Amino acid sequence: MVTNDPENPITVSNVTFKPDARNRWHKHPGGQILLVTDGVGYYQERGQPKKILRKGDVIKCPPNVEHWHGASIDSHFSHLAIGSSDKEAVVWLLPVTEEEYLK
C-alpha cells in the first residue's frame, strides 16, 4: 500500500478477493477509484443494480456513496483501490447479505 505523502495525498492498495468474498457496505468521504486488474468481480452502490467487473474496468466511487465490491461467486478478483489520504478514513457499515450478493 502507498500511504499518505504530503506531495501526493493519495492511498493506493492492491486488493485481492477469493471467489465469493466481498467487503462490507462502506463509504469513502474522499471518494475512491477502482482499477480492475484480474478476475471477475462485482460493484454495487446502495439502491443501484450490481455491476459485473472484469480486467481493465474502472469504477469511480463518488464521495460518501454507500457501496461494496468483491469477487464473483466462481472467480478471484483483484483491483487497485485509489483514494484520498487527506480526507477522513473509510466508514465501514453492515455486512453484505447473501441475498444482496446473489441478487
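Keep in mind the model is a prediction, meaning the values are calculated, not measured.
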Check: Which atom names give the shortest non-hydrogen contact between Ala71 and Asp20, and what distance separates them?
Finding: CB-N, 4.1 Å
Notebook entry, point to check: Under 4.5 Å between any side-chain heavy atoms of Val91 and Lys27, yes or no?
Noted result: yes
Next item on the list: Identify whether Leu80 and Val58 are in the same connected component of the hydrophobic contact network (ILVMFWY, side-chain heavy atoms under 4.5 Å).
Entry: yes
Item checked: Straight-line distance of His26 NE2 to Trp92 CH2, nearest 0.5 Å -> 4.5 Å
Check: Going by the angle between their ring planes, with limits at 30° and 60°, are Phe17 and His79 parallel, tilted or perpendicular?
Finding: tilted
Next item on the list: Give a yes or no on whether the backbone of Gln48 and the side-chain of Gln44 come within a donor-acceptor separation of less than 3.5 Å.
Entry: yes
Next item on the list: Report the C-alpha separation of Tyr42 and Ile52 in whole Å, then their side-chain angles, then the decisive distance to 0.1 Å, and conclude whether the side-chain contact (heavy atoms from CB on, under 4.5 Å) test is met.
Entry: CA-CA 5 Å; Tyr42 302 136; Ile52 298 173; 4.1 Å; yes
Next item on the list: Measure centre to centre between the rings of Tyr43 and His67, then say whether the value is under 6.0 Å.
Entry: yes
Check: Are any of the side-chain heavy atoms of Asn64 and Pro29 separated by less than 4.5 Å?
Finding: yes
Check: Looking at OG1 of Thr37 and CG of Leu53, how far apart are the two atoms once the value is rounded to the nearest 0.5 Å?
Finding: 11.5 Å
Check: Is Val65 linked to Ile59 within one hydrophobic cluster, defined over Ile, Leu, Val, Met, Phe, Trp and Tyr using a side-chain heavy-atom separation of less than 4.5 Å?
Finding: no
Next item on the list: Evaluate the criterion side-chain contact (heavy atoms from CB on, under 4.5 Å) for residue pair Val96 and Trp25; output intermediate values, then yes/no.
Entry: CA-CA 6 Å; Val96 175; Trp25 286 101; 3.9 Å; yes
Margin query: Side chains of Ile82 and Thr11, heavy atoms from C-beta outward: is any pair under 4.5 Å?
Written below: no
Notebook entry, point to check: Does any pair with a residue in residues 34-55 pass salt bridge (Lys or Arg N to Asp or Glu O under 4.0 Å), and if so which ones, sequence neighbours excluded?
Noted result: Arg46-Glu66, Arg46-Glu100
Check: Taking all non-hydrogen atoms of both residues, which atom of Asp74 and which atom of Pro19 are closest, and how far apart?
Finding: C-CB, 4.1 Å
Note to self: Let's go through Leu34 and His69 carefully: what are the C-alpha distance in whole Å and the side-chain angles of both, what is the deciding distance for side-chain contact (heavy atoms from CB on, under 4.5 Å) to 0.1 Å, and is it a yes or a no?
What the structure shows: CA-CA 10 Å; Leu34 304 176; His69 34 100; 3.8 Å; yes
Notebook entry, point to check: With a cut-off of under 6.0 Å to the ring centre and 45° to the axis, is Arg22 in cation-pi contact with Tyr101?
Noted result: yes
Next item on the list: Please check if atom CD in Glu98 has more than 12 non-hydrogen atoms from other residues, nucleotides or ligands closer than 6.0 Å.
Entry: yes
Margin query: Between Ser75 and Gly39 (side chain of the first, backbone of the second, donor and acceptor by atom type, cut-off under 3.5 Å), is there such a pair?
Written below: no
Item checked: Criterion side-chain contact (heavy atoms from CB on, under 4.5 Å) on Ile73 and Leu102, from CA distance to verdict -> CA-CA 8 Å; Ile73 198 163; Leu102 295 172; 3.9 Å; yes
Check: Under the 3.5 angstrom rule, does the side chain of Ser84 hit a backbone N or O of Gly30 as a donor-acceptor pair?
Finding: no
